[in-house]
Amino acid sequence: MEVRVMGTRAECEEFAAMVRRSVPERFLRSISAFYPNRRGGFSTEGRIYIKFADIPAGTFALPEVGA
């Protein structure tokens, strides 16, 4: 599975760090570098791509929001 995460560089870096802390390494294939948006002129936002391996249901749970 591949997920595209969009936001500022700081937001994408923070999200990638949370994924690295929360997802066991064996289920995480890769996290791309930050790709800035370039269409339509200047933008502070961009995206990263996160590739996950097959994760069996019930293997782990993500942390609660605000935890």
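The structure displayed is predicted, hence computed values, not measured ones.
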Practice task
Write down the atom of Arg47, the atom of Asn37, and the distance for their closest heavy-atom approach.
Solution key: NH1-OD1, 3.1 Å
Practice task
Compare every heavy atom of Phe52 with every heavy atom of Val23, then report the nearest pair and how far apart it is.
Solution key: CG2-CE2, 4.0 Å
Handout entry: Glu25 atom CD, over 12 foreign heavy atoms within 6.0 Å
Key = no
Handout entry: Between CE on residue Met6 and CZ on residue Phe15, distance to nearest 0.5 Å
Key = 13.5 Å
Practice task
Could you state whether Ile50 and Tyr35 fall into the same hydrophobic cluster, counting links through intermediate Ile, Leu, Val, Met, Phe, Trp or Tyr residues with side-chain heavy atoms under 4.5 angstrom apart?
Solution key: no
Exercise for the section: Could you tell me the separation between the CD1 atom of Ile48 and the CZ atom of Arg9, rounded to the nearest 0.5 Å? Expected result: 11.0 Å
Fill in the blank from the handout: CE (Met1) and CG (Asp54) are apart, to the nearest 0.5 Å, by 9.0 Å
Fill in the blank from the handout: Output for pair (Ser30 OG, Glu2 CD), nearest 0.5 Å, gives 7.0 Å
Completion exercise
Taking every heavy atom of Cys12 against every heavy atom of Gly46, the minimum-distance pair comes out as SG-O, 4.3 Å
Practice task
Decide side-chain contact (heavy atoms from CB on, under 4.5 Å) for Tyr49 and Val3; before the verdict, give the C-alpha distance in whole Å, the side-chain angles of both, and the deciding distance to 0.1 Å.
Solution key: CA-CA 6 Å; Tyr49 298 91; Val3 177; over 6 Å; no
